[in-house]
Amino acid sequence: MLFRDTVNIAIRAVTANRSRALLTMLGIIIAVGAVILMASIGKSMEGVILDQVSILGPRTIAIWPGNKGPEGGSGTMNPDYDKLTVNDVDAIEKLPTIAGISPVIFVTGKVSYGSETSDTRAGGSTPDIYEIQNIELQEGRLHDENDEKDVRAVAVLGTDTALDLFGNQNPLGKRIDIGEQKFTVIGVLKPAGSAFFQNMDERILVPFSVAKITMQRSYVDMIAAVSATDDLEYAAEDVSYLLRKRHKITLPDDGGTDNDDFLVRTAAQAQDILGAVSLGLTFFITMIAGISLVVGGIGIMNIMLVAVTERTREIGLRKALGAKQKDILRQFLVEAVMLTFLGGLFGLLIGIGINLLIVGIAHKFLTAYIFKLNTFAIVLSVVMAAVTGLAFGIYPARKAASLNPIEALRYE
Amino acid sequence: MNLYKSYFNDELETPVLFDINLKIETGEFVAIMGPSGSGKSTLMHILGFLDVPTKGHYHFKGESTEEKLEDDLAHIRSESVSFVFQQFNLLPRTTVFDNVMLPLIYGKTSPLKRRDFVMQAIESVGLKDRATFYSNQLSGGQQQRVAIARALVTSPEVIFADEPTGNLDSASGKHVMEILQNLHKKGHTIILVTHERTTAEHAERILHIQDGRIIDDEKGFTRRIASQIKQLK
């Protein structure tokens, strides 16, 4: 018997009772739809985070005081907030593995221009920060070494901050208040979107020397460094080693870093964490898919058993006309696989449809959230749907194939 | 051959056929006649490879069929024999054309030749203009003719007809029997199962079965004499 004929018979059987076929497929449709949706959302989120990592630059190394990272708080909430000193910065800068460095001291205090206020936090850093973080200028100028040397109270604003404080006015040359200190606006940055869920357009950059004096501090809130080599881990290890030596920290025998009073992170590490998260997500999705496909498969098996009973006479007739056992077996198997495969395709379309909707909404809040398909999940779930049909179709198909032709023909 | 057939119901053996000794020549038109429950259908099922004897030998075309497997029997059903049933057994919601084509998809006929074979078979039962109709749109007589076309399409050596007129009015029944007669004339072996004498009369040989045994075998010469006597009376 030709495979084409088997497929034709299956198509006829499936289309003969469309509403039942659709209901039968529902379990598979939901399973595949959910998997496609979840996997695509995961992929889109991954894209968002990767995009944010890349804003920092692929060679960026971030160093924070305290060993809990930025979540632990980089202000006075952090018990180790004063552990990274200006001297540490100088020492790190001298490392051969570090190409550039820019320390950050946050200038606290209310930001205002006349009656307009902004809750932006101002960060004092050296001009190197512009290069390290790929910050681009829209109008005016960025602060430079001369501003640092002369300790000029100048400020560069992000676009959103400029809009908050000045509306449609030209901010250049205007003087704003940050805490007790007045700063002259010298530049406005290009819109940069968001990174790590922070709005990068809501920022104020001032010279490091000014921030140091204003805050009367000799310690820094963060250091952004650029590795001189592609081996970020090596550079990061270099920095850690230097800081441990300077801070007289000995590591416990197990090599744990609990004693550190600083934290060094690279963009690559952020990506590793991302990888681990997405691996977890993949595992989770696969589990959901597995469970729902089994449930869907039981539904298919149930309907196929009903179909075998309903079509007992037809099976008897086909056998009387010369159909071999394997012809009947194949016919019902192909029908089951067709149901699950079609269910998989419908689920795929529905999953993509809902995902497009979500992307449409989410893109308004997260510009980097764009439509992405997880091709691996698509191929896997549709294939798994078809395999489900095969697995759960085999029992009813065997039952059909083993029917005795005479008894089947007499069946009422 | 000498056949025995029993049905087994759990541990209860219900013998249906006893010591059937029978030889049917190629090209014969044989009627198996008997009251219901006599075993005539069972005999036909065994002869048609739908069933296997419990005991005994059955040679088909000089070949023993004992050691044959289920798929070998399916192969014989596909190539050498075909059936016309009392209930027609057409696929509903399926066209006449597709119904007639059904046996071909289980055989070796090339897909390119199918159309011609199917149309020939449909024409030979006089339903050419009904080929695209759905089987359930036809009358009983027409449906049985479709079933005959389906039996013809593979050009089998033997056609089994199990009470082919049982569900038909007398006019349709007559038409169906004429078609079977014509097939016989064309050289097909026809084995007809019936409980009606009038239907059996169309055959050239009548086997009478009762309680699982052949009680009478009216063959050519005897038949002619018998019918002549009948006419004289």
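Just so we're on the same page: letters track the sequence lines, and every chain starts at 1. Every heavy atom of this structure was used, including side-chain atoms; hydrogens, water molecules and symmetry mates were not.
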Which atoms of B:Asp98 approach chain A - backbone, side chain, both or neither, heavy atom under 4.5 Å: side chain

Which of B:Glu79, B:Arg150, B:Gln87 touches chain A most, by non-hydrogen pairs under 4.5 Å: B:Arg150

Most chain A-contacting option - heavy-atom pairs closer than 4.5 Å, from B:Val81, B:Leu73, B:Leu104, B:Asn89: B:Asn89

Relative to chain B, which segment of A:Arg4 carries a heavy atom at a distance below 4.5 Å: side chain, backbone, both, or neither? side chain

Region of A:Gln331 that comes under 4.5 Å of a non-hydrogen atom in chain B: side chain

Is it the case that more than 12 heavy atoms not belonging to [X] sit under 6.0 Å from its [atom1] atom?
{"X": "B:Tyr134", "atom1": "OH", "result": "no"}
{"X": "A:Arg398", "atom1": "CZ", "result": "no"}
{"X": "B:Asp211", "atom1": "CG", "result": "no"}
{"X": "A:Arg20", "atom1": "CZ", "result": "yes"}

Reported [atom1]-to-[atom2] distance for the pair [X] and [Y], which is rounded to 0.5 angstrom:
{"X": "B:His75", "Y": "A:Lys324", "atom1": "NE2", "atom2": "NZ", "result": "6.0 Å"}
{"X": "B:Ile105", "Y": "A:Asn8", "atom1": "CD1", "atom2": "CG", "result": "8.5 Å"}
{"X": "A:Leu409", "Y": "B:His45", "atom1": "CG", "atom2": "NE2", "result": "7.0 Å"}
{"X": "A:Asp327", "Y": "B:Tyr106", "atom1": "CG", "atom2": "OH", "result": "6.0 Å"}

Evaluate the side chain to side chain contact (heavy atoms under 4.5 Å, CB included) criterion for residues B:Leu91 and A:Leu317: first the C-alpha distance (whole Å), next the side-chain angles of each, then the deciding distance (0.1 Å), finally the verdict. CA-CA 9 Å; B:Leu91 294 182; A:Leu317 173 71; 4.1 Å; yes

Would you call A:Lys326 and B:Asp71 a salt bridge, using N to O less than 4.0 angstrom? no

With a 4.0 Å cut-off on N to O distance, would you call A:Asp5 and B:Arg114 a salt bridge? yes

Main-chain N/O of A:Lys319 paired with B:Arg77 side-chain donor or acceptor, under 3.5 Å: yes

Can you check side chain to side chain contact (heavy atoms under 4.5 Å, CB included) on A:Asn404 and B:Leu50, steps first, answer last? CA-CA 8 Å; A:Asn404 176 301; B:Leu50 285 172; over 6 Å; no

Shortest non-hydrogen separation from B:Phe85 to A:Ala320 and the atoms involved: CZ-CB, 4.0 Å

Heavy-atom side-chain contact between A:Leu2 and B:Pro111 under 4.5 Å: yes

